[in-house]
Protein chains: 2
Amino acid sequence: MAHLNCDESYFMYLFGVTEPGCYGTVDVASGSTTLFVPRLPSEYAVWMGPLLSLDDFKQKYEVDAVYYADEIDVKLGELNPSVLLTLCGPNADSGLEAKPANFKGIEKFVVDSDILFPVIAECRVIKSPAEVEVLRYVAKVSSDAHKRVMKNIRPGWHEYQGEAEFLHHAYSVGGCRHVSYTCICGAGTNSAILHYGHAGSPNDRLIKNGEMCLFDMGANYNGYAADITCSFPVNGKFTDDQKLIYNAVLAARDAVCGAAKEGVSWVDMHLLANRVMLGEMKKGGLLQGEVDEMMSAGLNGIFQPHGLGHLIGLDVHDVGGYLSHCPERPTQPGANRLRMARTLMAGMYVTIEPGCYFIEPLLNKAFADPNLSKFLVKEEIDRFRNFGGVRIEDDVLITKTGIDNFTLVPRTVEEIEAWMAQ
Amino acid sequence: MAHLNCDESYFMYLFGVTEPGCYGTVDVASGSTTLFVPRLPSEYAVWMGPLLSLDDFKQKYEVDAVYYADEIDVKLGELNPSVLLTLCGPNADSGLEAKPANFKGIEKFVVDSDILFPVIAECRVIKSPAEVEVLRYVAKVSSDAHKRVMKNIRPGWHEYQGEAEFLHHAYSVGGCRHVSYTCICGAGTNSAILHYGHAGSPNDRLIKNGEMCLFDMGANYNGYAADITCSFPVNGKFTDDQKLIYNAVLAARDAVCGAAKEGVSWVDMHLLANRVMLGEMKKGGLLQGEVDEMMSAGLNGIFQPHGLGHLIGLDVHDVGGYLSHCPERPTQPGANRLRMARTLMAGMYVTIEPGCYFIEPLLNKAFADPNLSKFLVKEEIDRFRNFGGVRIEDDVLITKTGIDNFTLVPRTVEEIEAWMAQ
């Protein structure tokens with residue numbers, strides 16, 4: 001779960017450059033790379049530090065050549081390219097268009113801004129070994145930061161103290177200056193607010209003894225994201241009700257972790273998670289009737305209004321979910337929030353994040369709809385109205401035979417209780 | 001020292017609203033206030049939490065009336081105003097214009113976008129008692145965070161671990177989610193890079209034993225900024241050279257703290273600080289000749305290329321420095337970087353931040369200029385080429401008789417050594 005995006009990530013993907021104002025080219029035939037950097041006034045050194053020479057840039061970013069950006073038209077002209085492919089395409093998350101590169105003199109070239117985008121976006125979907133190494137690192141740092149929060153938290157903390165603890169570990173120990181999205185640290189009923197923690201509700205409530213916490217936080221390293229959610233009781237000991245909901249979500253997560261692999265449909269995984277979760281809730285006495293009928297009626301979208309997960313990489317909601325050659329967005333409630341409907345491929349990196357929430361307006365809607373209310377055991381559901389929610393979110397690499405889970409945190413009730421008791 | 005600005009601070013100043021998409025009006029004759037808030041779709045509640053009612057907004061922000069933003073033209077029309085004053089004016093820091101409010105139906109009103117800006121900007125220059133309370137708080141939190149860094153730091157830390165320590169204290173103890181600007185944590189030669197810590201140099205160097213640290217960091221509380229710099233040896237013990245430079249800057253700071261009050265010119269304070277510092281450097285054997293002649297020649301701008309300080313409030317570089325009724329920007333080196341040239345008034349809140357830096361390109365420039373090089377004792381200066389710099393920055397309220405210093409950190413060599421030895 002996350003809500004942030006940045007189209008600069010394409011430039012980060014290709015060149016890894018952190019200085020502003022640069023251009024970069026890749027010669028498609030030879031693979032040779034060129035960086036064009038701004039020519040900065042010498043006074044800049046006083047405020048920003050010694051200026052990098054062209055050779056410094058070349059060494060720092062391991063490109064084949066570096067020139068000043070004000071000579072880009074001349075230097076590109078010398079290569080006499082048949083066509084310049086510039087990057088331009090929609091972000092499926094924000095709907096915004098990445099703007100293609102532009103510079104003085106570009107009108108002298110044949111420019112195509114259609115070809116490149118889907119090709120590069122598809123490249124980004126399958127993670128390289130180097131990317132996998134960084135993603136594994138940032139997931140480990142984020143896992144450890146979550147573990148530190150769980151170990152230190154106690155009733156009487158404000159929610160933001162959990163955020164502060166996470167940020168401190170991620171930065172001080174992991175070297176992660178930024179997080180990948182605004183931290184979601186909801187306790188009690190706030191744990192059922194899917195994007196809690198925003199400026200209007202900045203994780204500022206006191207956490208009371210007996211409440212569940214849903215902490216969704218992920219560090220960022222060199223642009224690469226983690227996106228991990230841990231749900232746990234603030235006092236370290238699950239009540240029976242908390243166990244029931246937590247284990248329903250855990251069963252959904254375990255089912256997906258056992259079934260996901262190359263060749264499997266992501267939409268099927270979403271539906272599997274929902275089906276398992278509703279089955280557990282039925283066993284727990286909250287629901288009645290046939291799970292298949294609940295699914296057909298859309299009850300899954302009441303308790304988990306969001307998708308099972310999303311591609312993740314340089315963008316938290318990474319690119320490539322709905323490219324033109326991919327299956328279109330499903331229409332069923334819940335599944336219609338999925339950020340991709342593709343068949344999984346080895347090398348895809350995704351979040352698996354089933355959740356179960358007691359959200360007032362959705363419960364009211366379900367009770368008002370006879371097609372849904374017939375599945376609800378009212379007196380049981382009513383007992384959970386102030387429960388909040390549970391989400392379990394892992395970041396996993398898809399392989400030919402299964403998954404490689406980069407998230408290393410206590411997950412079962414027993415593991416969590418043991419860890420928090422230390 | 002800081003580099004960030006946001007024109008939303010005018011809206012924060014008048015209404016304190018954290019939710020996006022709002023408009024606000026103040027009836028100039030009566031002082032009555034109205035907030036216009038977006039009408040959000042009910043599904044929003046699932047993602048962002050329970051929607052605030054109009055009455056919730058009224059209570060939260062203590063305004064006289066609240067309506068939906070889509071009825072702003074109707075509700076304003078009922079008041080039949082002779083003119084709507086909208087806010088539009090330049091930011092002296094960024095040069096950007098604040099965009100005036102606009103809405104469907106505004107063409108039915110007489111609108112003036114000239115009158116309001118200088119009036120509100122001038123209001124913001126003099127802090128109210130309520131603002132002073134918040135500013136005192138955020139300066140205290142930031143001071144304590146700096147003290148924690150100084151107490152825990154040791155050789156072998158990376159610079160960013162100082163940043164992480166500051167952020168953690170400010171958030172976890174002080175409730176400050178944000179800082180007011182990108183943290184500057186320079187050690188060794190990096191301490192002479194005035195805006196070090198930016199994305200291209202993100203405080204990522206190892207701090208070696210014997211180095212000076214220059215840490216410039218300020219938390220933000222409810223929009224209000226602190227902007228504090230502490231300079232200290234990483235191992236807690238000043239060398240004689242470090243003492244010499246530090247005490248030269250401290251003498252400049254003490255001179256200004258003793259002289260600043262209502263009625264005094266800020267430009268005079270800048271020149272006083274420079275003069276005292278150069279005098280101390282002369283005493284220390286780095287400079288030779290008459291201090292007045294050094295000042296006339298512009299040597300002060302070599303060792304302190306930035307201004308003495310700036311207004312601070314909701315913006316780190318707060319508004320009101322160069323309004324049309326104020327003295328214009330000076331032209332002398334160093335003083336030309338001042339962000340205001342006004343006569344001080346009680347209620348102004350400013351940083352006092354003298355500094356002394358050994359910056360290669362500026363030293364080379366000075367040595368190449370006979371009008372400057374004659375003051376430099378070359379063998380002494382050369383010894384300091386890799387020293388870096390020292391800055392001491394306090395946030396102070398100007399009063400009729402002097403200053404009220406909100407920054408509470410160890411400042412003398414003895415105080416710093418005692419604090420870091422604990």
Side-chain angles (χ1 to χ4, degrees), chain A residues 1 3 17-20 42-52 60 152 157-158 160-178 182-183 186 189-190 192-204 301-302 305-306 337 357 359-362 364-365, chain B residues 1 3 17-20 42-52 60 152 157-158 160-178 182-183 186 189-190 192-204 301-302 305-306 337 357 359-362 364-365:
Chain A
M1 180 79 38
H3 43 113
V17 171
T18 55
E19 288 81 4
S42 62
E43 202 211 7
Y44 193 92
V46 174
W47 299 86
M48 307 304 262
L51 301 183
L52 295 185
K60 182 170 180 187
N152 291 339
W157 274 30
H158 281 83
Y160 65 73
Q161 289 177 276
E163 178 179 349
E165 200 76 6
F166 180 91
L167 297 173
H168 186 224
H169 182 93
Y171 199 6
S172 188
V173 178
C176 300
R177 190 181 213 184
H178 301 290
T182 305
C183 293
T189 51
N190 291 340
I193 302 172
L194 301 182
H195 283 171
Y196 184 70
H198 55 86
S201 299
N203 299 329
D204 56 357
I302 298 295
H306 62 75
R337 308 297 308 220
Y357 315 90
I359 300 170
E360 277 296 301
L362 295 184
N364 294 339
K365 185 178 142 194
Chain B
M1 181 77 39
H3 43 113
V17 171
T18 55
E19 288 80 3
S42 62
E43 203 212 5
Y44 193 93
V46 174
W47 299 86
M48 306 305 262
L51 301 182
L52 295 184
K60 183 171 180 185
N152 292 340
W157 273 31
H158 281 83
Y160 65 74
Q161 290 178 275
E163 177 179 349
E165 200 74 8
F166 180 91
L167 297 174
H168 187 225
H169 181 93
Y171 199 6
S172 189
V173 178
C176 299
R177 190 180 213 184
H178 301 290
T182 305
C183 293
T189 52
N190 291 339
I193 301 172
L194 301 182
H195 283 170
Y196 185 68
H198 55 87
S201 299
N203 298 329
D204 56 357
I302 299 294
H306 62 74
R337 308 298 307 218
Y357 315 90
I359 301 170
E360 276 296 300
L362 295 184
N364 293 340
K365 186 179 142 194

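Chain A is the first sequence line, chain B the second, and so forth, proteins listed ahead of strands; every chain is numbered from 1.
Of the residues considered (A:Pro202, A:Ser42, A:Ser201), A:Pro202 shows the highest number of contacts with chain B, using heavy-atom pairs under 4.5 Å. Residue with the most contacts toward chain A among B:Leu167, B:Val17, B:Val46: B:Val46 (heavy-atom pairs, distance under 4.5 Å). In terms of heavy-atom pairs under 4.5 Å with chain A, the best-connected choice from B:Gly162, B:Pro361, B:Gly175, B:Ala45 is B:Gly175.
Rounded to the nearest 0.5 angstrom, B:His198 NE2 and A:Glu19 CD are separated by 8.0 Å.
With a threshold of 4.5 angstrom between heavy atoms, A:Ala192 approaches chain B through N, CA, C or O but not through any side-chain atom. With a 4.5 angstrom heavy-atom cutoff, B:Pro305 touches chain A via backbone and side-chain atoms both. Residue contact with chain A, scored on non-hydrogen atoms closer than 4.5 Å, is absent for B:Glu360.
Residues passing the side chain to side chain contact (heavy atoms under 4.5 Å, CB included) test with A:Gln161 are A:Trp157, A:His158, B:Ser172, sequence neighbours excluded. Listed by chain and residue number, nothing satisfies the salt bridge (Lys or Arg N to Asp or Glu O under 4.0 Å) test with B:Lys365 (two or more places apart in sequence, or in another chain).
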Please test A:Arg177 against B:Asn203 for side chain to side chain contact (heavy atoms under 4.5 Å, CB included), starting from the C-alpha separation and ending with a verdict. CA-CA 10 Å; A:Arg177 190 181 213 184; B:Asn203 298 329; 3.2 Å; yes
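When all heavy atoms of A:Ile193 and B:Pro50 are compared, the pair lying nearest together is CD1-CD, 3.8 Å.
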